[in-house]
Amino acid sequence: MYKYDKKLEFPICIHKKNLKMAKYLIEQFGGANGELAASFRYFSQKFTMPDDMGKALLNDIATEELAHVEMICTMIHELTKDASLEELESAGLGCYYTEHGVGLFPQDSVGNPFTSAYFAVTGDVIANLSEDMAAEQKARATYEALINITDDEDIIGPLLFLRQREVVHFNRFKELYDYYKKLGY
Amino acid sequence: MYFENINNFNDLNDLFGLNNYQYAYNYQNNNQSYLSEKFLRGNMFDNEFIPYKNMKYVMPKIKNEKEQKLSKIMESSFAVIDYVLYLDIHPDDHVIFEKYNTEKEKLNSLKKEYESVYGPLCNTEGQYNSYQWLSSPWPWESDGGMYV
């Protein structure tokens with residue numbers, strides 16, 4: 001069961017419209033290593049974790065990732081606010097607009113729609129946790145690329161926060177992985 | 001211009017904040033230091049913090065009392081979240097458990113104070129009020145550049 005807090009995990013306050021950045025950022029909403037895939041990868045995996053530590057960690061990280069989905073969507077929503085048709089088209093969002101308007105549709109930055117294949121769930125705890133560790137590192141690398149691409153501090157601030165969360169989640173998954181290896185999994 | 005920085009992050013421009021990374025430092029030094037560095041950088045654990053290049057964090061631009069109070073709730077709430085992830089794997093760590101308890105108490109009193117002035121943060125606990133719950137802005141709505 002979930003309950004909703006009427007707040008973001010981290011302050012987001014974007015002053016400048018930036019459609020190109022919105023187009024890049026959508027990768028972290030609906031891309032292979034985005035927050036939506038992360039949240040439901042861990043959510044799905046929690047059901048077959050072999051003990052209580054694994055169940056708790058996968059459940060709790062999945063929950064935090066859902067807050068990250070909300071942060072990324074909020075950023076995209078604010079970056080596209082009051083965009084004109086001409087602006088959308090010149091940022092390469094014409095095709096997106098014809099299908100989705102300025103609604104939040106999970107796809108990657110080149111337009112591939114989100115797929116549950118990104119969850120990459122197996123029934124094997126070591127395979128799952130290896131996948132999770134790699135996913136955190138790939139998301140970290142993507143956040144670094146996104147930070148490189150912009151000079152807007154309103155965007156860089158939340159991206160630095162989200163990038164650091166990938167670092168922390170990786171560490172937790174790594175600890176769990178090592179613990180299970182020691183147990184002989 | 002910004003793409004050049006990707007393979008160039010050890011040069012002096014980066015160290016002295018002469019390119020886009022200067023933002024991380026500019027906002028560190030203004031008078032809004034009531035938000036802890038641990039929260040702003042997204043990591044409660046000093047030994048685990050890995051900065052990107054020379055960037056630590058960007059201080060959010062807090063504009064009014066409501067934003068200030070909400071950002072303090074975010075700060076405590078974040079500490080609780082990060083401690084819980086750690087305690088999931090290290091349930092016997094009493095030092096972190098104590099820190100968790102302190103932050104949780106702080107979070108509860110900050111929430112209570114905020115809700116009595118600005119309305120509910122949650123629809124199943126705290127001080128719920130139907131009119132205030134549904135009233136905008138929602139967290140994803142920017143209200144003239146304010147976050148909520």
Side-chain angles (χ1 to χ4, degrees), chain A residues 1 3-16 52-61 63-64 67 70-71 73-75 77-78 81 104 140 143-145 147-169 171-173 175-176 179, chain B residues 1-3 5-6 19-21 23-24 26-27 35 39-45 48-53 55-63 67 70-71 73-74 77-78 81-82 84-91 111 119-125 133 138-142 145-148:
Chain A
M1 177 64 193
K3 68 181 167 59
Y4 184 74
D5 262 358
K6 203 171 173 181
K7 66 171 171 59
L8 299 173
E9 188 185 11
F10 186 84
I12 289 172
C13 171
I14 288 169
H15 296 80
K16 262 197 326 217
D52 287 341
M53 289 215 272
K55 289 170 203 167
L57 187 72
L58 272 285
N59 184 67
D60 294 347
I61 294 184
T63 303
E64 187 186 349
E70 188 181 35
M71 281 179 67
C73 289
T74 298
M75 292 176 83
H77 179 64
E78 290 191 5
K81 210 177 163 194
L104 268 292
R140 176 192 56 75
Y143 278 124
E144 290 173 5
I147 291 165
N148 289 337
I149 265 173
T150 184
D151 64 349
D152 184 344
E153 74 236 26
D154 294 346
I155 300 171
I156 292 175
L159 292 183
L160 282 173
F161 175 88
L162 289 167
R163 172 195 169 274
Q164 190 66 213
R165 298 312 293 153
E166 310 295 340
V167 171
V168 172
H169 292 168
N171 290 347
R172 295 293 90 80
F173 283 135
E175 285 165 347
L176 188 64
Y179 157 78
Chain B
M1 159 188 180
Y2 304 110
F3 289 102
N5 296 325
I6 293 172
N19 51 30
N20 55 327
Y21 312 130
Y23 296 108
N26 282 351
Y27 287 89
L35 290 172
F39 166 57
L40 294 168
R41 73 186 183 191
N43 193 334
M44 294 305 291
F45 300 90
E48 289 189 23
F49 176 61
I50 305 176
Y52 181 49
K53 300 181 180 176
M55 290 183 273
K56 268 187 165 173
Y57 58 82
V58 180
M59 177 64 79
K61 295 168 191 137
I62 311 291
K63 292 185 203 63
E67 290 188 355
L70 194 63
S71 63
I73 290 173
M74 290 174 178
S77 171
F78 169 73
I81 288 169
D82 208 19
V84 165
L85 297 187
Y86 179 88
L87 289 166
D88 283 345
I89 304 293
H90 310 91
K111 274 184 169 174
L121 285 163
C122 185
N123 57 14
T124 54
E125 57 185 47
W133 173 254
W138 285 80
W140 56 89
E141 292 175 322
S142 125
M146 297 199 310
Y147 67 85
V148 186

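Each chain gets a letter, A, B and so on, in the order the sequences are listed, and its residues count up from 1. This one's a predicted model, so the numbers in the text were calculated from it and none came from an experiment.
At least one side-chain heavy atom of K7(A) sits less than 4.5 Å from a side-chain heavy atom of L70(B). For the pair M55(B)/E144(A), no side-chain contact is recorded, criterion being any heavy-atom separation below 4.5 Å from C-beta on. Within the 4.5 Å cutoff, no side-chain heavy atoms of F10(A) are placed close to those of M74(B).
With chain B as partner, the option from E175(A), M53(A), R165(A) having the largest number of non-hydrogen pairs under 4.5 angstrom is R165(A). Taking T124(B), I50(B), I73(B) one by one and counting their heavy-atom pairs under 4.5 Å with chain A, the maximum is reached by I50(B). Chosen from D154(A), D52(A), D5(A), the residue pairing most often with chain B at heavy-atom distances under 4.5 Å is D5(A). For the set G54(A), C73(A), P158(A), G157(A), the entry with the most heavy-atom pairs within less than 4.5 Å of chain B is G157(A).
With a threshold of 4.5 angstrom between heavy atoms, E9(A) approaches chain B through its backbone and through its side chain. Of the atoms belonging to I81(B), it is side-chain heavy atoms, and not backbone ones, that fall under 4.5 Å from chain A. With a 4.5 angstrom heavy-atom cutoff, P51(B) touches chain A only via backbone atoms. With a threshold of 4.5 angstrom between heavy atoms, N171(A) approaches chain B through side-chain atoms but not through N, CA, C or O. Contact of E64(A) with chain B is made through the side chain alone, with heavy-atom distances under 4.5 Å. For chain A, the nearby part of F45(B) is the side chain; its heavy atoms alone come within less than 4.5 Å.
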Please evaluate residues K63(B) and C13(A) with respect to the criterion side-chain contact (heavy atoms from CB on, under 4.5 Å), reporting the C-alpha separation (whole Å), side-chain torsions for both, the decisive distance (0.1 Å), and the verdict.
CA-CA 10 Å; K63(B) 292 185 203 63; C13(A) 171; 3.2 Å; yes
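Across V58(B) and I156(A), no two heavy atoms sit closer than the pair CG2-CG2, 4.1 Å. Of all heavy-atom pairs spanning Y4(A) and W140(B), the tightest one is OH-CZ3, 3.7 Å. Scanning all heavy atoms of the two residues, the minimum distance from K6(A) to P139(B) falls at C-CG, 3.4 Å.
When ring centroids are compared, Y143(A) and Y52(B) stay outside the 6.0 Å threshold.
To the nearest 0.5 angstrom, D88(B) atom CG is 13.0 Å from K55(A) atom NZ. Distance check: R172(A) CZ to I89(B) CD1 gives 7.5 Å after rounding to the nearest 0.5 Å.
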